[in-house]
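One structure is given here, and the rest of the page talks about it.
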Amino acid sequence: MKEQRSLSSQIRIPDQAQSIITLLESAGFFAYAVGGCVRDSLLGREPLDWDVATSARPEQTMRALAGLRVIETGLRHGTVTALAGGLAVEVTSFRLDGGYSDHRRPDAVIFTDDLCADLSRRDFTVNAMAWHPARGLCDPFGGAEDLQARRLRCVGDPARRLEEDALRILRAMRFASVLGFTIEARTAEAVLQYRERLRHVAAERIREELLKLSCGENVRRVLEDYRAVILTVLPPLVSLEPAVVEAIAPDPALRLAALCHAAGEDVAREVTARLRCSRAFTERVALAVRLCSLRLNEIPPGQKRTVRLRRLLGEYGEAALLDGLALTRAAAGTGREACDALQAEVRAIAGQGLCVTRKQLAVNGNDLAALGLKGPALGHTLDRLLEEVLEGRVENTKEALLAATPPLKGL
Ligand code: ATP
Ligand code: MG
């Protein structure tokens with residue numbers, strides 16, 4: 001009990017979330033902070049968001065919070081979002097989930113007055129704790145002990161819990177990766193055993209968990225230990241090189257690119273299509289994989305390489321080229337210094353504003369039109385002048401470029 005009190009004192013609830021609890025309790029209901037915010041606070045991490053669970057039914061919550069802006073986020077599931085002082089707090093009525101006939105969504109939810117019953121439907125013990133500013137921690141499943149042991153364990157029978165909602169399989173891996181926890185043996189066994197059930201889960205939900213998992217500190221070990229699960233949600237050609245994924249910055253697009261780089265751009269595009277990624281995200285991933293496959297790190301430094309980098313900079317832009325080089329570096333294993341030098345060179349070229357595209361030439365279409373050029377010939381001439389500049393044979397000044405423009409026949 002003493003330990004629980006000292007644990008609870010680590011929790012700093014934002015005023016807005018506190019005021020929501022106070023409003024609900026002055027209306028005669030119970031209300032607690034629950035789930036991820038309690039877990040993260042006890043770990044000394046800043047919670048991303050605050051969730052409140054209450055004995056009030058959704059209509060009663062709406063009435064009790066009438067003074068705030070309240071959005072009916074998921075009334076059927078008992079959730080409303082209260083906006084207080086710039087913070088969005090999800091307020092969910094204590095509930096039980098009915099059966100899961102489709103392994104993903106509960107068929108019905110049943111409201112209850114019992115906090116423990118609500119906690120029992122939650123996925124992992126570390127996510128099944130509630131905290132109250134005066135009453136302290138409510139931890140019926142040993143979540144605090146598991147936090148201390150850095151262990152992820154299902155509430156109840158792991159096989160049943162992962163079978164009824166297969167998304168929990170990826171959530172287990174995500175928390176193991178992000179928090180650096182070990183998945184307890186029976187839960188780990190169920191993660192592997194029920195992986196095929198992930199085929200019933202919506203692509204968007206898989207994407208969300210997979211990208212968070214990819215950005216975790218402990219991603220390498222999770223990919224090594226649960227390779228079979230990843231291969232259930234991604235095309236089998238994906239090569240999965242955990243060391244390469246770990247070696248790149250924890251940015252979702254870069255980590256996904258690292259996950260599928262060795263299989264090439266087509267497979268990378270298949271992955272993003274399967275995960276229903278946005279167009280911009282897909283392009284970022286695919287171009288990083290394409291540029292990595294050019295093995296720019298194998299070109300020795302010198303004029304030839306500089307020209308190549310200028311050309312690529314013109315074609316893809318600085319951000320994409322740097323992504324590609326970051327991936328090249330992660331995939332290079334040893335020999336990363338060569339990649340560092342490449343990145344530095346690209347930044348220098350971009351920083352100096354050197355001419356790498358037609359638009360940056362000191363002459364434009366009008367200048368050439370004044371010489372009598374038109375149509376395709378004008379475009380070709382601009383391309384050739386850009387080549388001359390990229391190769392360093394002609395300076396990017398109007399004078400030099402006009403002097404280098406081939407004379408027109410018949411003039
Ligand atoms: P974070 O917000 O940091 O990603 P979280 O634990 O808060 O992590 P949410 O998806 O916000 O995750 O869910 C809030 C809480 O709802 C969880 O802590 C857990 O108690 C419960 N929960 C979420 N998804 C499930 C699920 N699929 N099955 C059972 N309980 C779940
Ligand atoms: Mg959350």
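Atoms within each ligand, like the ligands themselves, are counted from 1 in listed order.
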Next on the checklist: Heavy-atom pairs closer than 4.0 Å: do any link ligand 1 to the side chain of Asp123, the backbone, both, or neither?
Outcome noted: both

Next on the checklist: Under 3.5 Å between any N/O of Asp165 and any N/O of ligand 1: does that happen in this structure?
Outcome noted: yes

Next on the checklist: What protein heavy atom lies closest to atom 3 (O) of ligand 1? Include the residue and the distance to one decimal.
Outcome noted: Arg39 NH2, 3.1 Å

Next on the checklist: With heavy-atom distances below 4.0 Å as the criterion, list the atoms of ligand 1 near Arg121.
Outcome noted: 29 (C), 30 (N)

Checklist entry - With a cut-off of 6.0 Å (strictly less than), are more than 12 heavy atoms of other residues, nucleotides or ligands near CD of Glu224? => result yes

Checklist entry - Does the side chain of Gln303 pick up a donor-acceptor pair with the side chain of Thr306 at under 3.5 Å? => result no

Item to check | Residue part near ligand 1, for Asp49, under 4.0 Å between non-hydrogen atoms | outcome: side chain

Checklist entry - With respect to atom 28 (N) of ligand 1, which of Met129, Arg168, Arg205 exhibits the smallest heavy-atom separation? => result Arg168

Checklist entry - In terms of residue, atom name and distance, what is the protein heavy atom nearest to atom 11 (O) of ligand 1? => result Asp51 OD2, 4.2 Å

Checklist entry - Side chain or backbone of Arg174 under 4.0 Å from ligand 1, or both, or neither, by non-hydrogen atoms? => result side chain

Next on the checklist: Distance under 4.0 Å to a non-hydrogen atom of Lys212: what atoms of ligand 1 satisfy this?
Outcome noted: 4 (O)

Item to check | Top protein contact for atom 20 (O) of ligand 1, by heavy-atom distance | outcome: Asn127 O, 2.9 Å

Checklist entry - Between Thr125 and Asp146, does any side-chain donor sit less than 3.5 Å from a side-chain acceptor? => result yes

Item to check | Of the N, O or S atoms in Asp49, the one nearest the Mg ion (ligand 2) | outcome: OD1

Next on the checklist: Taking 4.0 Å as the limit for heavy-atom contacts, which would you say applies to Phe175 with ligand 1: side chain only, backbone only, both, or neither?
Outcome noted: side chain

Checklist outcome for this item: The closest protein heavy-atom partner of atom 7 (O) of ligand 1 is Gly36 CA, 3.4 Å

Item to check | Residues Asn127 and Arg39: side-chain donor-acceptor under 3.5 angstrom | outcome: yes

Next on the checklist: Under 3.5 Å, is there a donor on one side chain and an acceptor on the other for Tyr226 and Arg195?
Outcome noted: no

Checklist entry - More than 12 foreign heavy atoms under 6.0 Å from CD of Glu217: is that the case here? => result no

Checklist entry - Does a side chain donor of either Thr79 or Thr73 reach within less than 3.5 Å of an acceptor in the other side chain? => result no

Checklist entry - Hey, is Arg161 one of the residues with a heavy atom under 4.0 angstrom from ligand 1? => result no

Checklist entry - So is Phe124 close enough to ligand 1, meaning a heavy atom under 4.0 angstrom away? => result no

Checklist outcome for this item: The option among Arg171, Glu90, Arg122 carrying the non-hydrogen atom nearest to atom 22 (N) of ligand 1 is Arg171

Checklist entry - Strictly by modelled atom types, are Gln360 and Thr357 linked by a side-chain donor-acceptor pair under 3.5 Å? => result yes

Item to check | Taking every non-hydrogen atom, the tightest pair across Pro252 and Cys215 | outcome: N-SG, 3.6 Å

